[in-house]
Amino acid sequence: MTAPAQPKKIVAPTVSQINAEFVTQLACKYWAPHIKKKSPFDIKVIEDIYEKEIVKSRFAIRKIMLLEFSQYLENYLWMNYSPEVSSKAYLMSICCMVNEKFRENVPAWETFKKKPDHFPFFFKCILKAALAETDGEFSLHEQTVLLLFLDHCFNSLEVDLIRSQVQQLISLPMWMGLQPARLELELKKTPKLRKFWNLIKKNDEKMDPEAREQAYQERKFLSQLIQKFISVLKSVPLSDPVTMDKVHYCERFIELMIDLEALLPTRRWFNTILDDSHLLVHCYLSNLVHREEDGHLFSQLLDMLKFYTGFEINDQTGNALTENEMTTIHYDRITSLQRAAFAHFPELYDFALSNVAEVDTRESLVKFFGPLSSNTLHQVASYLCLLPTLPKAEDTTFDKEFLLELLVSRHERRISQIQQLNQMPLYPTEKIIWDENIVPTEYYSGEGCLALPKLNLQFLTLHDYLLRNFNLFRLESTYEIRQDIEDSVSRMKPWQSEYGGVVFGGWARMAQPIVAFTVVEVAKPNIGENWPTRVRADVTINLNVRDHIKDEWEGLRKHDVCFLITVRPTKPYGTKFDRRRPFIEQVGLVYVRGCEIQGMLDDKGRVIEDGPEPRPNLRGESRTFRVFLDPNQYQQDMTNTIQNGAEDVYETFNIIMRRKPKENNFKAVLETIRNLMNTDCVVPDWLHDIILGYGDPSSAHYSKMPNQIATLDFNDTFLSIEHLKASFPGHNVKVTVDDPALQIPPFRITFPVRSGKGKKRKDADGEDEDTEEAKTLIVEPHVIPNRGPYPYNQPKRNTIQFTHTQIEAIRAGMQPGLTMVVGPPGTGKTDVAVQIISNIYHNFPEQRTLIVTHSNQALNQLFEKIMALDIDERHLLRLGHGEEELETEKDFSRYGRVNYVLARRIELLEEVKRLQKSLGVPGDASYTCETAGYFFLYQVMSRWEEYISKVKNKGNTLPNVTEVSTFFPFHEYFANAPQPIFKGRSYEEDMEIAEGCFRHIKKIFTQLEEFRASELLRSGLDRSKYLLVKEAKIIAMTCTHAALKRHDLVKLGFKYDNILMEEAAQILEIETFIPLLLQNPQDGFSRLKRWIMIGDHHQLPPVIKNMAFQKYSNMEQSLFTRFVRVGVPTVDLDAQGRARASLCNLYNWRYKNLGNLPHVQLLPEFSTANAGLLYDFQLINVEDFQGVGESEPNPYFYQNLGEAEYVVALFMYMCLLGYPADKISILTTYNGQKHLIRDIINRRCGSNPLIGRPNKVTTVDRFQGQQNDYILLSLVRTRAVGHLRDVRRLVVAMSRARLGLYIFARVSLFQNCFELTPAFSQLTARPLHLHIIPTEPFPTSRKNGERPSHEVQIIKNMPQMANFVYNMYMHLIQTTHHYHQTLLQLPPAMVEEGEEVQSQDTELETEEEAMPAPADIMPTLMDASSSQEASASQTEPTSNETETTSSQTGADSNPEATPAESKITATAAGPVATPAENNTPPDATSAPGETK
């Protein structure tokens, strides 16, 4: 089995090539946006470009990219289009541009929406051209382009302009294309359609003949297109050469058919047309399917089409069909065939009288129908309305093979989809991992089509939705596994030993050679299954590695997935590995099988369980792991061994590979999806249609929900009554109390609730909708009851003054239904989320809320804010493994909460003891929660009731203030509270205090009652389960954890009522869906009441590593983004408080009216300028350095040395001025550049105390969700814009900085990019050379935008900046040096200080050496560039890399040097050894605070 050759990568044209191109010269003359005097429109230009540039180059992507990039479509083609100038070249040019926009994943229809008038005419021309004869005006290649354009139209039904045109092709009238008998049959099935059909006929009669002819053309378009395709397909020979144009045409056509079948609005009418054309039968009998090489992809696409044509759904109602209904349909088909046979074909009596199970297999059908003549077969088919009736005395025109296949394929028994799925192994094997058709390489260009499911806007059923996601998730994880296996195995360097065995010449951190492998258990199958219930094996390895790596291996947890690999290398010892050649043959890889860890075995051979208890220390290096194998795979392998005599795979493994825990959850997620498909998925009724993409997208908005809640307690949301009034602009606020002193929060608000039905009726009558009543809010301030006399009894309060849109988001989140909040950068998404959680907690104490986020970091931020609000700590629980990073001493994990409960129980029982003592009650009431409960009932309550009866006003006597204090029974207990407890001012006040004291006591006993369960449950596991299912009210986890643990949670009986998702636009579609189903339905209904999603679809989507899945299958579309595209109402937060207003302008054009919060203008940090820099943001042009711009040592590993050095030089300059290094982050758009910058930082600033290290050096994608005061950004590319064309990446890049953003880029490239214009037009309005003020120290008092009093210096290029920083550094060292020299000449009385100065002085000398001289900078730069290759390939140290000799560190030349000094001295020795020479891993020195 050989790995196929790597597909060719598309090389983007360079700027110089772009400028030299004929297209660019034309663009500059006719349509380039920056040209002021343009020549008038000339149709000949379009003809020339099409003939000379596009057709002549056979539609070369390079040419089309150039045209599309030059804004040809926006500024020339569509702007000047009209029916008068329409021509073939014009149509084709527009189609090519739209297809290219889809390939590049940029918005394609915007131009058409702006000028929609001529679109209908244009679309009709396209339809005509698509049906033209292939040997006529339009070639087959051109028609393939048209097919692709049509496919994009059908997949863009959310665009009104497109939908209005497409609807005319696909609706009930298209059934005109059916043969009459079939039409009659279909109308009989659904009676209401006949009414519509008669209406259509009547309307047609009223039309004038020309319009009718036009309508008929459109209705029959798809039927005619299918006939045309069949004729092309039939022209493909079996073995003679065939043009690839034909093959591509056929592939694209089937892709179009799949897309029409996989959308309900198109499928509803089209499925019948497709069935009537017998397209599948023609395809399966065609020559193309039987051509090994050319027909491979066609066959795979055909299988997908077959799957969708027979999909388990009722086309008319859109309801999913159950297994029973599918069986009924199958039986009806067979019995109607049997009836026809019995009535009309005596030769088929045997068939007609047999039972169904006997005749519904392919073999028996062929046996019965094979002997019949062609004419008889045609008659049978026409009885079933499959073919037109055969006239008497005429022979059929169809061949026998076609007729037989038509009858057999229609009536044979099908395998249930779910059955196929359940028999599938979940781990990929070597056959799938290296199959290019299933898992394409990363070099997918977007040109061809693939046999992959697509995630668009709509899905047929939940089953279809889950299945598409299942397949894509499986393939994406397979792609990542392939990368990991190739990396680890090639590091281990397997070679053939002289005796023919395997010898490993290297080592890998993530893989180990297997010492012994034995299968220890194969359990019996369940009834009705043929695979074992479980298979377990023991794997022994020898961990003779460094301690931290040994700890990683020993830390493998239960359910971690590992891979067992067999290699049989053929290369002799010492052969070099070449990453560019196919991997499999180099290492001799034979088998790959997955397994799941159960645990490590202790010295007695027992599995060590995960839990709070410390793990036992094992002696020696040998470790054995018990693993579960995949039973389905094991059964397949064993069957293969027994039946075909193949070798036993399980005797051959010699490598075990683990993966990083974060990336290794694929099996659990796949298992979860598969379990969901096997159970009845119960999604709440109000969500079902929206998830599939149908119906009214706003139907789940709170305003349309039947169970809307009128009165809500907003608790501490509002800071004052003024804040409340400002939060509801346009509403009339009525407060129930008039006294302004009493109008203080918390407030209860009663909203006018309108039911959807009444509203519609009013609208219809045209009545005034905005009546006073509908706009009136009734506000009732209420006082939170006193909670006790201690200071900590006071509730924590919200301090944020929310804006009115934030309040709308909070209100929507508290109401039942679906709430979508779009939160641009810095608009307080987390604050809104936390307030919603707090308000739900207080309004509905019995409900439980599930919080789901994408990253642990976001969960931690949420938790830190939740803890600052009035939420009882015992109700919080955090699941998953991220709690280690929480910046708090409190542990919110399951075991942390168990310990908290136990400790709290002891504290409370101590309090009970004190209370008992203060009341003088004998006995041991504080022994357990139970005894404490009795004590409360018999001793505390009785005293309280007696007290109340004494002090409550009896009859008409006035209550006495002093009595409240005199009779109070708990004085002694509250002696440690701030005294005096009772103020004695008024009876009401003192009575409230007394009740507060009692509430405090009562709460102790309520909590003890809740903790009683932990006395009864003895093990930590049981206690933690109880907490999860009963005690916790707010449960938080990452989406990955939810997918991993769904099975366990459902089994425990986990329940929740509300879900809040943060970072929702960064979560994969399927990982967003799974958290909805973490509980069993109650009586067949889901108890979910609210679903709140907070995210920002204008920032980066989920990370998909494989380009094919990301672009072709649209797998990067999150559920949040899909909902926004479908039109679900959103609340858009519109005020940011993160960045200066000027920085916000760089990205706020992407959002609906995003403004700034007042403090952005008022606070001094925002109004003060950035010291030493003239501008608060600047785009700095970086030209080629020594003739080189971007370089690419490995594919997609882009670097740009000039930019990297410039960025680091500016960073050093800022640090020398006094900027704190941790307030600066360096970002870049590519991994290669990140490694290069880290390399340069290590060399220039390494451990120099005068400069320090930046807070982070990372990529824009990784930095999403984080921020810093100053951002230095390197855009790297100089040939093509690359993935920054994705506006979402630009938005993230522009919005990370609070006070200063400095971008290094090739300006000529980026300013021409249409998508980036709004940001780059602002950036290029300022000078493109760096303007600095070297004499202005940090911090400055200069206001932002003021002219500086110091001299401004303009830096022209990078070498000038490097020189300048070097001189500045030397000057700083010398002045400091001079200052210390003067200190040294002090009187003898200060000798002690002098000694100290001397030691500092030595340090400064070493620092002075640390900075390379300008002459050194150049060779060091060259070293850095030679290190690019190394940083690209090597990301992990080998065993001897970390040992450093004393001569390397320079420690022997300076015996007294401390470790820090010796590092500095090492840097001083001129150009340092580069990573290429000493193989230092680029990540070995990641920025502080960044985890490796």
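For clarity, every value in this text was computed on a predicted model and none was experimentally measured. For the single chain, residues carry numbers from 1 onward in sequence order.
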Taking it one step at a time, do Leu1173 and Tyr1219 satisfy side chain to side chain contact (heavy atoms under 4.5 Å, CB included)? CA-CA 12 Å; Leu1173 295 157; Tyr1219 282 88; 4.0 Å; yes
Could you walk me through whether Arg1288 and Glu1116 pass the salt bridge (Lys or Arg N to Asp or Glu O under 4.0 Å) test, one step at a time? CA-CA 12 Å; Arg1288 298 172 296 189; Glu1116 63 170 14; 2.9 Å; yes
Side chains of Lys1105 and Gln483, donor plus acceptor under 3.5 Å: no
Specify the closest pair of heavy atoms between Val1276 and Thr1228, including all atoms of both residues, with the distance to one decimal. CG2-OG1, 3.2 Å
Is there a donor-acceptor contact under 3.5 Å from the side chain of Asn105 to the main chain of Arg1285? no
Compare all side-chain heavy atoms of Leu1272 with those of Met1214 and state whether any distance is below 4.5 angstrom. yes
Side-chain ion pair, Glu1205 and Arg1244, N-O less than 4.0 Å: yes
Fit a plane to each ring of Tyr1230 and Tyr1198, take the angle between them on a 0 to 90° scale, and name the class: parallel (under 30°), tilted (30 to 60°) or perpendicular (over 60°). perpendicular
Can you tell me how far OG of Ser1295 sits from CG of Asp1096, rounded to the nearest 0.5 angstrom? 8.0 Å
So Asn1148 and Asn1145, side chain to side chain donor-acceptor pair (under 3.5 Å) or not? Walk me through it. CA-CA 5 Å; Asn1148 66 6; Asn1145 291 338; 3.1 Å; yes
Donor-acceptor contact present, side-chain Arg1296 to main-chain Gln1266, <3.5 Å: yes
Sub-3.5 Å donor-acceptor pair from the side chain of Thr1278 to the main-chain atoms of Glu1190, do we have one? yes
Checking Arg103, Lys101, Lys63 against Glu68 for salt bridge (Lys or Arg N to Asp or Glu O under 4.0 Å), the one that qualifies is Lys101
How far apart are the C-alpha atoms of Tyr1369 and Asn1248, what are their side-chain angles, what is the distance that settles it, and do they pass the side chain to side chain contact (heavy atoms under 4.5 Å, CB included) test? CA-CA 12 Å; Tyr1369 180 83; Asn1248 189 331; 2.8 Å; yes
Starting at CE of Met79, measure out to OH of Tyr72 and round the result to the nearest 0.5 Å. 13.0 Å
Shortest non-hydrogen pair, Ser1225 vs Phe1263, comes out as OG-CZ, 3.8 Å
I would like to know whether Asn1200 and Arg1277 meet side chain to side chain donor-acceptor pair (under 3.5 Å); could you show each step before the answer? CA-CA 7 Å; Asn1200 182 326; Arg1277 302 300 295 274; over 6 Å; no
Taking side chain as C-beta onward, heavy atoms only, is Phe1310 less than 4.5 Å from Leu1179? no
So, His1235 side chain and Gln1199 main chain: donor-acceptor pair closer than 3.5 Å or not? no
So, Tyr1213 side chain and Met1368 main chain: donor-acceptor pair closer than 3.5 Å or not? no
I need the Glu1336 CD to Leu1174 CG distance, nearest 0.5 Å. 9.0 Å
Please round to the nearest 0.5 Å and tell me the distance separating atom NZ of Lys38 and atom SG of Cys28. 10.5 Å
Pairs satisfying side chain to side chain donor-acceptor pair (under 3.5 Å), at least one member in residues 1324-1335, at least two apart: Asp1176-Arg1326, Thr1335-His1350
Do the side chains of Ser1274 and Ile1226 get nearer than 4.5 Å, heavy atoms only? no
Would Phe1211 and Ile1251 count as a side chain to side chain contact (heavy atoms under 4.5 Å, CB included) if you check the C-alpha gap in whole Å, the side-chain angles of each, and the deciding distance to 0.1 Å? CA-CA 9 Å; Phe1211 165 69; Ile1251 296 173; 3.9 Å; yes
Of all heavy-atom pairs between Asn1170 and Arg1342, which one has the smallest distance, and what is that distance? O-NH2, 3.3 Å
Nearest non-hydrogen partners of Phe102 and Ala108, listed with the distance: CE1-CB, 3.6 Å
Do you know which two heavy atoms are closest between Ser855 and Glu1063, and how far apart they sit? N-OE1, 3.0 Å
Check whether any side-chain heavy atom of His1098 lies under 4.5 Å from a side-chain heavy atom of Val1287, and answer yes or no. no
Should the pair Tyr1151 and Tyr1147 be assigned to parallel (<30°), tilted (30 to 60°) or perpendicular (>60°) ring geometry? perpendicular
Asp1184 bridged to Arg1306 by N-O distance under 4.0 Å: yes
Look up atom CD1 in Ile1303 and atom CZ in Phe1177, then write down how far apart they are to the nearest 0.5 Å. 8.5 Å
As an exercise, state the distance from SG of Cys1215 to CE of Met1212, rounded to the nearest 0.5 Å. 8.5 Å
If you define the side chain from C-beta out and look only at heavy atoms, does anything of Phe1304 sit under 4.5 Å from Leu1273? no
I want to check something: taking the side chain as every heavy atom from C-beta on, are Trp109 and Val98 in contact at a cut-off of under 4.5 Å? yes
Relative to the ring of Tyr76, is the ring of Trp31 parallel (under 30°), tilted (30 to 60°) or perpendicular (over 60°)? tilted
Taking Gln1264 for its side chain and Leu1100 for its backbone only, find out whether a donor-acceptor pair lies under 3.5 Å. yes
Show your working on side chain to side chain contact (heavy atoms under 4.5 Å, CB included) between Phe1185 and Met1358 and close with a plain yes or no. CA-CA 8 Å; Phe1185 172 60; Met1358 185 273 292; 3.6 Å; yes
Could you check whether any side-chain heavy atom of Met1115 comes within less than 4.5 Å of a side-chain heavy atom of Asn1106, counting everything from C-beta outward? no
Which of Arg1298, Arg1138, Lys1223, Arg1140 passes salt bridge (Lys or Arg N to Asp or Glu O under 4.0 Å) with Glu1165? Answer is Arg1298
Counting C-beta onward and ignoring hydrogens, is there a side-chain heavy-atom pair between Thr827 and Leu1154 closer than 4.5 Å? yes
Does Asp1261 come within less than 4.0 Å of Arg1289, counting only side-chain N to carboxylate O? yes
Taking all non-hydrogen atoms of both residues into account, name the closest pair between Cys1313 and Val1281 and its distance. CB-CG2, 4.2 Å
